[in-house]
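Notes to accompany the following structure.
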Amino acid sequence: MVYSKHNIFSRITGSENFFLVNLLSGSADILNPQEGHMVHDLLNGNMTADDFRESLIQKGYLVDEKEETKLYRSKYLDFIDTRDNDEVQLFFVPNYSCNFACTYCYQDEYAPAKQELTTEIIDAFFRYISHEFAGRKKYLTVFGGEPLLSSAKQKELIAYLLQQANQSNLEVCLVTNGYSLSGYIDILKTAKIREIQVTLDGVGNVHDARRFLKGGGATFEKIVEGIDACLDSQLPVNLRMVIDKENIDDLPEMAQFAIDKGWTKNELFKTQLGRNYELHHCQVTSEKLFSRISLYETIYQQVKQHPHILEFYKPAYSISKFLFENGSLPDPLFDACPACKTEWAFDYTGHIFSCTATVGKADESLGTFYPDVSRKDEMIAVWENRDVTAISECFTCSMQLACGGGCGSVAKNRTGDVCSTDCRPVKELLELGFSAYFENTK
Ligand code: SF4
Ligand code: SF4
């Protein structure tokens, strides 16, 4: 019996206790200091007490290597089967233009194409997806630029897009800056809206200093009005706060604002935090950005001081939140990147892309759905084949089944190769997560 290569073991932040997690066997344990030291001894090649050793074998922390390889293969096949039946998220970008000039927007790089969206292009998109994804469960996410611009022409096109989605029996999500949301409510009510994602980066001036109109102008009040209008009309809202060092201190106030508005008690309301990071080009002010782990360390400290934040947002800390809420681990994650598997993106110029991280980048186009249908099969295959079994560093990494290899686009931006690593600080996140969910909630 050997120590499983899928064990993740470390000390819990601010505690004498340790955790031991194995996503392949599905076991997770908190170990007292004595047990933790016995695991340390094992790692150093020393024997341990028989009964402790027996419990480690039972839970799949000590394994027969051949048996573990068999289990790995079988769980991998389960993962592929499940994914093949998963719902596909199809993004559609009606325009890259935007009425905002956010300080951190990566799309400011994109030169607007001369072409404009037409009903003919929308028809071609629905023709393509009904053929290409026939028999697959799927839903549509309308993305930008800003899809909900206030012009009459844009409203007509979005209404037509939603009408076609209805005809294809597709639920729709929208990603919007929220500025013109209240003027779109009647149009949105005609569709099967799954969720409207709106971004607020803080309360009042904190938000307005980051997300303002092109040419200047505050946006906070109009967005809040739009969120209220959605919730009043039974349209689900997913509020996203994009965080960096400039607005992190406003998180407690943002949480209190959402609580005071009654949003957090509304079952149609949920939240997410987005880490501002260099996705496409170096931000001039990159010193204001958090690394993944430093962001979560800061949130961990903030939650300690302002526990009401948890009413607004519960950090995942890798798989910790899932484990806390479900009492069991999630299935092993052989691939964290849905691009070209359960996610595709399309834009109004007729191009096809792997996902939202690549959409609109000419050299990332994987083909066209308009005016003609074409596919770059070799490029698509690279995306399709990316998972932890295809990336050599991942295959030997003990975090692989929690990390899933990260994001293919971030990996490609870093190394030039989609099939390379985008490492997630799984162990460090679990150290925080076990502390937040299991030690501090006793
Ligand atoms: S490349 Fe990154 S952004 Fe795109 S689907 Fe994969 S994980 Fe998501
Ligand atoms: S991306 Fe890095 S941390 Fe994630 S599985 Fe691969 S090697 Fe491990």
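Nothing here was measured: the structure is a model prediction, and the numbers come from that model. Both ligands and their constituent atoms are indexed starting at 1 by order of listing.
Looking only at protein heavy atoms, the nearest one to atom 3 (S) of ligand 1 is Ala357 CB, 3.6 Å. The protein heavy-atom contact nearest to atom 4 (Fe) of ligand 1 is Cys355 SG, 2.2 Å. The protein heavy-atom contact nearest to atom 6 (Fe) of ligand 1 is Cys337 SG, 2.3 Å. Nearest protein heavy-atom neighbour of atom 1 (S) of ligand 1: Ser409 N, 3.2 Å. Closest protein heavy atom to atom 8 (Fe) of ligand 1: Pro338 CD, 4.0 Å. Residue, atom and distance of the protein heavy atom nearest to atom 2 (Fe) of ligand 2 are Cys423 SG, 2.3 Å. Given atom 5 (S) of ligand 2, the protein heavy atom at minimum distance is Gln400 CA, 3.5 Å.
Partner of Arg83 under the side-chain hydrogen bond (donor to acceptor under 3.5 Å, both in side chains) criterion, out of Asp78, Asp335, Asp387: Asp335 alone. The residue from Asp347, Leu140, Ile129 that alone fulfils the side-chain contact (heavy atoms from CB on, under 4.5 Å) condition with Phe92 is Leu140. Among the candidates Phe334, Tyr72, Tyr61, the single residue satisfying the ring pair (Phe, Tyr, Trp, His ring centres under 6.0 Å) test with His6 is Tyr72.
Taking 4.0 Å as the cut-off between side-chain N and carboxylate O, Lys412 and Glu364 count as a salt-bridged pair.
Atom 6 (Fe) of ligand 2 does not have Cys397 among its coordinating residues (no N/O/S atom, backbone or side chain, under 2.8 Å).
Residue contact check for ligand 2: Ile391 places no non-hydrogen atom closer than 4.0 Å to it. Using a 4.0 angstrom heavy-atom cutoff, Gly406 does not count as in contact with ligand 2.
At a heavy-atom distance under 4.0 Å, no atom of Trp344 approaches ligand 1.
Within 6.0 Å of the CD atom in Glu120, the count of heavy atoms belonging to other residues, nucleotides or ligands does not exceed 12. Surrounding CZ of Arg375 are more than 12 heavy atoms belonging to other residues, nucleotides or ligands, all under 6.0 Å away.
Close approach of ligand 1 to Cys407 (heavy-atom distance below 4.0 Å) involves ligand atoms 1 (S), 2 (Fe), 3 (S), 7 (S). Heavy-atom contacts of Cys403 reach the following atoms of ligand 2: 1 (S), 3 (S), 4 (Fe), 5 (S) (cutoff under 4.0 Å). Listed by number with element, the atoms of ligand 1 under 4.0 angstrom from any heavy atom of Ala339 are 5 (S), 6 (Fe). In summary, the atoms of ligand 2 found under 4.0 Å from a heavy atom of Glu393, numbered by their order in the structure, are 7 (S). For ligand 2, the atoms sitting less than 4.0 Å from at least one non-hydrogen atom of Asp422 are 1 (S), numbered in the order shown with element in parentheses. Interface of Trp383 with ligand 1, defined as ligand atoms under 4.0 Å from a residue heavy atom, comprises 1 (S).
Here Phe125 and Tyr370 keep their ring centres 6.0 angstrom or further from each other. The distance between the ring centers of Phe18 and Phe9 falls below 6.0 angstrom.
Remark: the Thr13 side chain and the Tyr300 side chain contain no N/O donor-acceptor pair separated by less than 3.5 Å.
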Open item on the list: If you apply the rule side chain to side chain donor-acceptor pair (under 3.5 Å), what do you find for Lys192 with Asn169, and how did you get there?
Closed with: CA-CA 8 Å; Lys192 291 188 212 63; Asn169 205 19; 3.1 Å; yes

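Relative to the six-membered ring of Tyr179, Lys222 meets both conditions, a distance below 6.0 Å and an angle of at most 45° to the axis.
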